[in-house]
Amino acid sequence: MSNTMLFSLSALAALIPAGLAPATRPSAECSPDGLFWALIGVAVLGPAAWVFVLLGEAWRTGLAAALWLTIVVSMVLFAGVAMLNRHAWRLSPLLVGYLFLLGVLA
């Protein structure tokens, strides 16, 4: 397996814990804790590192690069919304699941 494939798979794997953590919590808990923010940080930094490597040399106009950039921007925007709205963090399984599918397509 090539290095680019491994890096792409590791960026994809960085999304999984952020999507699963809120689904395992009781519904009465209404605020995210440090674990949630750490997992969101990993879910942002993993794909962001891959996009940095992918687009570091030159701007690529392919579909894969556009999808990975979309994943990073969506995660950054979601983190901002989750900071501002105390209930938005519960949507992370839905968003991360969708972004995971986009990463598989990329």
Over all heavy atoms of both residues, which pair between [X] and [Y] is shortest? Give the atoms and the distance, please.
| X | Y | result |
| --- | --- | --- |
| Val81 | Ala88 | CG1-CB, 3.8 Å |
| Ala18 | Ser92 | O-OG, 3.5 Å |
| Pro17 | Ala13 | CD-O, 3.4 Å |
| Ala11 | Gly46 | CB-O, 3.7 Å |

Please check if [X] and [Y] belong to a single hydrophobic cluster, counting links between Ile, Leu, Val, Met, Phe, Trp and Tyr side chain heavy atoms closer than 4.5 Å.
| X | Y | result |
| --- | --- | --- |
| Val51 | Leu105 | yes |
| Leu20 | Leu102 | yes |
| Leu84 | Val44 | no |
| Val42 | Phe100 | no |
| Phe52 | Phe7 | no |

Please report the interatomic distance [atom1]([X]) to [atom2]([Y]), rounded to the nearest 0.5 Å.
| X | Y | atom1 | atom2 | answer |
| --- | --- | --- | --- | --- |
| Leu15 | Leu95 | CG | CG | 9.0 Å |
| Trp59 | Leu54 | CH2 | CG | 9.5 Å |
| Trp89 | Phe36 | CH2 | CZ | 7.0 Å |
| Met75 | Leu45 | CE | CG | 10.0 Å |
| Trp68 | Leu55 | CH2 | CG | 12.0 Å |

Result of checking Leu9, Ile71, Thr4, Leu12 against Trp50 for side chain to side chain contact (heavy atoms under 4.5 Å, CB included)
Thr4

